[in-house]
Amino acid sequence: MKRLLSASLSFSLALALTTPGRVFAEDPEKDPDQIGNRNVSGKVNFYSLEKEIALGKQLASEVERQAKIINDPVIAEYVNRVGQNLVRNSDAKVPFTIKVIDSEEVNAFALPGGFFFVNSGLIMKADNEAELAGVMAHEIGHVAARHGTRQATRGEIAQIGMIPLIFMGGWTGYGIYQAASVLVPVGFLKFSRSMESEADLLGLEYMYKTGYDPEAFVDFFEKIETLEKRKPGTIAKVFSTHPMTDDRIRAAQKNIQDYLKAKPEYVVTTSEFNDVKARLMAMHNKRKVDPGTDPNKPTLRRAPGSGGGTVADDGSGNSGTTNTDDDDRPTLKRRPASE
């Protein structure tokens, strides 16, 4: 009887170690059903939430001063809504301010205190809303876990009083991190391997809780990893500092399997995502076609023998010109730089 009881206890222990529900009893912080009721921000942090928000606000004002923010109401409202929906399903204890930066770099970054910036390039590179949500959820994970100020507490980055000096170049010994053509102190964006792993797990949980397919998180990072290998420099430097390595991809897949119970259906994309992406693509293509000069100017369409005079505004290339045989050839061949 004792042997039977012992065997039963051994089986129960093995079941506890292999069943996700049992794991949550040991580590409730990995239970997505407890999101919002758990502490994921660590225990040692010299910054109060109020001070963290003040720090983030100061950094965000510098970002907005340097970057070009997209104020298109359709784009701004959509990205903010996707982000706020994820925030509501996260452990974050601060309100979020979410804005879109006009930049082709595939990037997003969240500063301490919930100040969150998404590059338009990220939206254009994503294939669906779930991929966009995965990247955003990862960054929200950094804020929820208070990674920026936890590093500050460890003395790895400057105190808040030094931030203005850093931006003004007053402290030359301090590293400045360039992302999306804006300067941000490196410690606020470059995290340790353990912090990145934590943000990976939290991001997966947050997008899962919101209703998105967590596999889209892995799909997107596999895609940009392949893109960067094929064409180095395509992806923003912030991604290269914490690349989605094969180990991290495998860890993310294991987290999905261990902690996220499969749902019968997930949100993958929406018509709004497609509309916003098309809107951004149109803005991007328009800038490429019209970089500030008129490609249809008559002077660019002048035919041989039409002379070197000024071409009439009707674009005919003939009327309103002065034809002289002496200056036909130099006018057609000469470029301003060679004169």
ask   = Quick one: does D200's side chain get under 4.5 Å of N255's, heavy atoms only?
value = no
task = For E52 and K93, run salt bridge (Lys or Arg N to Asp or Glu O under 4.0 Å): C-alpha distance rounded to whole Å, both residues' side-chain angles, the deciding distance at 0.1 Å, then the answer.
result = CA-CA 11 Å; E52 182 168 322; K93 300 296 190 294; over 6 Å; no
ask   = What's the shortest heavy-atom distance between M195 and H142, and which atoms?
value = O-CE1, 4.0 Å
request  = Would you check if the side chain of Q257 reaches a backbone N or O of Q253 as a donor-acceptor pair within less than 3.5 Å?
outcome  = no
query = Got F220 and L132 here, is their nearest side-chain heavy-atom distance under 4.5 Å?
reply = no
key: Charged N-O contact under 4.0 Å between E196 and R193   = no
ask   = Parallel, tilted or perpendicular: which describes the rings of Y208 and Y266, with under 30° parallel and over 60° perpendicular?
value = tilted
ask   = Where do A137 and L86 come nearest, in terms of heavy atoms and distance?
value = N-CD1, 4.0 Å
Side-chain touch R81/Q84, heavy atoms, less than 4.5 angstrom = no
inquiry  = Quiz question: by atom type and distance under 3.5 Å, do the side chains of T210 and N85 form a donor-acceptor pair?
reply    = no
query = What's the verdict on side chain to side chain contact (heavy atoms under 4.5 Å, CB included) for E222 and D219, showing C-alpha distance, side-chain angles and the deciding distance?
reply = CA-CA 5 Å; E222 284 182 326; D219 292 343; 4.2 Å; yes
request  = Determine whether F116 and V87 make a side-chain contact, defined as any pair of heavy atoms from C-beta on separated by less than 4.5 Å.
outcome  = no
Side-chain heavy-atom pair D213, V267 within 4.5 angstrom cut-off = no
task = Evaluate whether atom NZ of K263 has more than 12 neighbouring non-hydrogen atoms of other residues, nucleotides or ligands under 6.0 angstrom away.
result = yes
task = Assess whether side chain to side chain contact (heavy atoms under 4.5 Å, CB included) is satisfied between I256 and F217, documenting all intermediate values.
result = CA-CA 10 Å; I256 293 172; F217 175 90; 6.0 Å; no
Side-chain touch V79/M136, heavy atoms, less than 4.5 angstrom = yes
ask   = How far apart are the closest heavy atoms of V40 and A144, and which atoms are they?
value = CG2-O, 3.7 Å
task = Determine whether V135 and V106 make a side-chain contact, defined as any pair of heavy atoms from C-beta on separated by less than 4.5 Å.
result = no
query = Of all heavy-atom pairs between L122 and A108, which one has the smallest distance, and what is that distance?
reply = CD2-CB, 3.8 Å
ask   = Thinking salt bridges, do K30 and D258 make one under a 4.0 Å N-O criterion?
value = no
query = Just by modelled atom types, is the E105 backbone N or O under 3.5 Å from a matching donor or acceptor in the N119 side chain?
reply = yes
message = With a 3.5 Å distance limit and no angle check, can you tell me whether N80 reaches the backbone of A76 through a side-chain donor-acceptor pair?
response = no
request  = Could you check if a side-chain atom of L204 sits within less than 4.5 angstrom of a side-chain atom of Y259, using non-hydrogen atoms only?
outcome  = no
query = Within a reach of under 6.0 Å around NZ of K277, are more than 12 heavy atoms found that belong to other residues, nucleotides or ligands?
reply = yes
inquiry  = Show the nearest heavy-atom pair for residues Y206 and I35, with the distance to one decimal.
reply    = CD2-CD1, 3.9 Å
Side-chain (K223) to main-chain (K125) donor-acceptor, under 3.5 angstrom = yes
ask   = What class does the angle between the rings of F273 and Y78 fall in, given that below 30° is parallel, 30 to 60° is tilted and above 60° is perpendicular?
value = tilted
note = Note: A252 and V218 closest approach over all heavy atoms is CB-CG2, 3.8 Å
task = Among T270, T269, N274, find the one that has a side chain to side chain donor-acceptor pair (under 3.5 Å) with E129.
result = T270
inquiry  = Keeping T97 on the side-chain end and F115 on the backbone end, is there a donor-acceptor pair under 3.5 Å?
reply    = no
ask   = Any Lys/Arg nitrogen of R38 or E205 sitting under 4.0 Å from an Asp/Glu carboxylate oxygen of the other?
value = yes
